[in-house]
Amino acid sequence: MPAIKIKTAEEIALMRASCRLAALTLKMIEPHVQPGVTTQQLNDLCHEFLIDNNARPSPLNYRGFPKSICTSVNQQVCHGIPGPRTLRAGDIVNIDVTAHLNGFHGDTNKTFHVGPPSPKAERLVQIAKKCLDVGIQAVRPKGFFGDIGATIQAMATHHNCSVVREYCGHGIGREFHEEPAVLHYGVAGTGAELKPGMIFTIEPMINLGKADIRVLPDKWTVVTRDHSLSAQFEHTILVTPTGFEVLTDLDGEYGT
Ligand code: MF3
Ligand code: CO
Ligand code: CO
């Protein structure tokens, strides 16, 4: 198993830039997430924004993925392919942006409400965000990757929601997906030790119903088996000597 990379100060500076651009792309797209917009239109706006900022969308042609962002609607868990689908009031849509800038990838996603939310969608989206946040708060040097998964799993279970197990967070840097796989479930105190200079994503996929998923015949779109709603949030995180820095946080929400 290849070792988990410790990034140098120069690499961290470049990661801050790619992560900031990915986060700016999500901020740019937010006002366009309205009833009547197609997921293709959202794709094209993000694509243009990244190109205009001297970056490339990492998903495009990644292992054959045909578009520039992932758009996952309602019971779609992740890796939804943008296309002619028109978003309707009451839908939820996760938009996952990965920017490749100056040789480094920055990865972030967010689930948006389209028009006014239904009570169950609002509840799920709040729980999914809370799951990411407790996972982030578990990051500290000398802690363990298992601490992150355990706290996310506990939060999801507490709210009678489930954690998708087949897809994980990941190390990130010069490669889109690096070691390790960051599980969103597990046991505190297990797994690799967290060390300053490690950079990885946390991106729990939380279902209102059961955890089971399947992949559609398009070979990409992941959906819940029981058709229950699914929501996800993702940030790229740096382990610092004192705790963590959320590299894809534009608003200082995490005080970093
Ligand atoms: N951005 C996704 C992640 O968070 C990966 C998308 S891979 C793609 O890891 F090929 F579907 F774009
Ligand atoms: Co990711
Ligand atoms: Co992503």
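Just so you know, ligand 1 is whichever comes first in the structure, and atom 1 is the first atom listed for that ligand.
- Looking at atom 5 (C) of ligand 1, its nearest protein heavy atom turns out to be Phe176 CZ, 3.6 Å.
- Here the rule is ring pair (Phe, Tyr, Trp, His ring centres under 6.0 Å) with His79, and of Tyr62, Tyr167, Phe65 only Tyr167 fits it.
- Between Glu245 and Arg16 there is a salt bridge, since at least one side-chain N of the basic residue sits less than 4.0 Å from a carboxylate O of the acidic one.
- If you check which protein heavy atom lies closest to atom 2 (C) of ligand 1, you get Asp96 OD2, 3.3 Å.
- Contacts of Thr201 with ligand 1, taken as heavy-atom pairs under 4.0 Å, are absent altogether.
- Which parts of ligand 1 touch Thr98 is read off a 4.0 Å heavy-atom cut-off, strictly below it: atoms 1 (N).
- For atom 4 (O) of ligand 1, the closest non-hydrogen atom on the protein side is Glu203 OE1, 2.7 Å.
- In this structure, CG on Asn74 lies 9.0 Å from CZ on Arg88, to the nearest 0.5 angstrom.
- The aromatic rings of His100 and His105 sit parallel, their planes meeting at an angle under 30°, below the 60° perpendicular limit.
- Nearest protein neighbour of atom 12 (F) of ligand 1, counting heavy atoms only, is Pro59 CB, 3.0 Å.
- When only interatomic distances are considered, the shortest N/O to N/O separation between His170 and ligand 1 falls below 3.5 Å.
- The nearest protein atom to atom 7 (S) of ligand 1, hydrogens excluded, is given as Tyr62 CD2, 3.9 Å; this is a heavy-atom distance.
- Taking 2.8 Å as the threshold, Asp96 counts as a candidate ligand of the Co ion (ligand 3), since one of its N, O or S atoms lies below it.
- Residue, atom and distance of the protein heavy atom nearest to atom 9 (O) of ligand 1 are His177 NE2, 2.8 Å.
- Geometric assessment of Arg165 against the ring of Tyr185 yields a positive cation-pi assignment under the 6.0 Å and 45° thresholds.
- Residue-ligand proximity, Asp107 to ligand 1, at heavy-atom distances under 4.0 Å covers atoms 1 (N), 3 (C), 4 (O), 9 (O).
- The Co ion (ligand 2) sits nearest to atom OE2 when only the N, O or S atoms of Glu203 are considered.
- When the options Lys110, His235, Glu234 are evaluated for a side-chain hydrogen bond (donor to acceptor under 3.5 Å, both in side chains) with Thr248, the one that passes is His235.
- Side chains of Gln41 and His32 form no contact here, defined as non-hydrogen atoms less than 4.5 Å apart.
- Looking only at side-chain heavy atoms (C-beta outward), Asn94 and Phe233 stay at 4.5 Å or farther from each other.
- Angle subtended at the Co ion (ligand 2) by His170 NE2 and Glu234 OE2: 130°, rounded to 10 degrees.
- Of all the heavy atoms of Ser58, none lies under 4.0 Å from any atom of ligand 1, so neither backbone nor side chain is involved.
- Between atom OG1 of residue Thr236 and atom CG of residue Leu238 there is a gap of 10.5 Å, rounded to the nearest 0.5 Å.
- Within the 4.0 Å heavy-atom cutoff, Arg63 does not count among the residues contacting ligand 1.
- Salt-bridge check for Glu178 with Lys7: passed, with a basic side-chain N closer than 4.0 Å to an acidic carboxylate O.
- Restricting Asp107 to its N, O or S atoms, the one at the least distance from the Co ion (ligand 2) is OD2.
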